[in-house]
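Scroll down for the structure; my scribbles are underneath it.
Counting convention: from 1, in listed order, for ligands and their atoms alike.
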Amino acid sequence: MMLILKPGLLVFGILIAVQATVVVSPTSRSSASFPSQVIFQTPDSVFLENIAVRATSELLITSVTTPTLFALDPTSVNATLDPIYTFPNATSLNGIAEYRPGVFALAAAIIDLTTIRWFPGSIVIWSVDFNAPSPRVRALGALANAQCANGITTLPGQLETLLVADCVAGAVWQMDARTGKSRLVLQEPAMLPSAPAPALGINGLHVRDSHLYFTNSQQHLFARLALTVGRNNVAAAGAVEKLASIELVAGNNPDDFVVDHEGRAWVTVHPGAIVLLSPPASGEGNWTQLTVVGNANGTDPGLIQPTSAAFGRGNSVQKKMLYVTSSVGQVVAVNTSGYNHV
Ligand SMILES: *[C@@H]1O[C@H](CO)[C@@H](O)[C@H](O)[C@H]1NC(C)=O
Ligand SMILES: *[C@@H]1O[C@H](CO)[C@@H](O)[C@H](O)[C@H]1NC(C)=O
Ligand SMILES: *[C@@H]1O[C@H](CO)[C@@H](O)[C@H](O)[C@H]1NC(C)=O
Ligand SMILES: *[C@@H]1O[C@H](CO)[C@@H](O)[C@H](O)[C@H]1NC(C)=O
Ligand SMILES: *[C@@H]1O[C@H](CO)[C@@H](O)[C@H](O)[C@H]1NC(C)=O
């Protein structure tokens, strides 16, 4: 999750009110040869927060302004946002990730949207199982001592170990999806927020090749940390490596991202860009940055305040589509054909 950090626009409600007058009609745009299209816009600019994709191609979308999980069929000509389930004792949903085929974990909580504080003890990780005629929903466990639950991801090869980003504590919690037991496994200065509330440090996180990659919104950072992975036991195996400072213009803040099969990261950046980060050919040094959709000033109406991204699934056309959610309620499809990532 990310907010506008300029004074006066700190609050979700204000941001939403300001943007509610923006009417975006589906139009094609291109930037660095990546055509993109707004395939859905919430009529009331509902804040869309995170995205996961089912094997059926259907997008699962969370929002921080409602405790309802939504589905959207991106192959439909006129896509709709369809409610799947409304979670109890929550006002907001954040990260979502598939941890078993067809089974998704998501973080629900009560968040005070004027102060952007997670109500203590309200964070619960839920499971939504689509391997049934209607989704089976159950609570996996509470993150009783977490101060925030932002991004959520799985460990490759050990999918039932969930990692959850605590953007306030600057930490990562681990939860065993089988037992619901959790503990704090990582806590680093590079994961801390750099400003007082609303505190937004570590935001998105994904594991690849024994490294935890993460963004830190307020530190404008993309970084990684080597992990040792024992059975249900994650720990740091080195120091944080800072890979990129994402601040082309002042106020740029990275949000969630997706790592492709080539190991590149497609990062959503506020106020309105997708930045493609690629490792240097030598393997050493900072990663290169290429703005592939929108721009650093956020002046492209086709991509406003992007919050998370995921590649499509299903047929070969879908696998080349990058789907992006936004805090003003856009769902944007980016055609990445021509880039060898799947
Ligand atoms: C999609 O929406 C447009 C505009 O409302 C409408 O003209 C068109 O018939 C719709 N297409 C389908 C397949 O529903
Ligand atoms: C919601 O919270 C109340 C009060 O803490 C608790 O009694 C109830 O069991 C909770 N409901 C669910 C479905 O977790
Ligand atoms: C690499 O990125 C780090 C962290 O963002 C930054 O502090 C450093 O100056 C960068 N190094 C170069 C050579 O650009
Ligand atoms: C952002 O806006 C400034 C001021 O208008 C302009 O100088 C700059 O080129 C813009 N940068 C980008 C990446 O759009
Ligand atoms: C994506 O772009 C490729 C190449 O330009 C094109 O063949 C394909 O039809 C596009 N996909 C969609 C879903 O528009």
**Study point:** Distance-only polar pair, side chains of Asn295 and Asp300, donor-acceptor under 3.5 Å
**Key:** no
Review point. For residues Thr325 and Thr307, is any side-chain donor paired with an opposing acceptor at under 3.5 Å?
Key: yes
Check your understanding: Got a donor-acceptor contact below 3.5 angstrom from the Thr91 side chain to the Ile111 backbone?
Key -> yes
Review point. So does Arg313 pair up with Glu98, basic N to acidic O under 4.0 Å?
Key: yes
Point to revise | Donor + acceptor pair across side chains of Asn131, Asp129 (<3.5 Å) | key: yes
For ligand 5, find each of its N or O atoms that sits under 3.5 Å from a protein N or O atom, and tabulate the pairs with distances to one decimal place.
residue  : atom   : partner : partner atom : Å
ligand 5 : 2 (O)  : Asn335  : OD1          : 3.4
ligand 5 : 2 (O)  : Asn335  : ND2          : 2.3
ligand 5 : 11 (N) : Asn335  : ND2          : 2.9

Review point. Does the cation-pi check pass for Arg54 over Phe130, that is, NZ or CZ under 6.0 Å from the six-membered ring centre and within 45° of its axis?
Key: yes
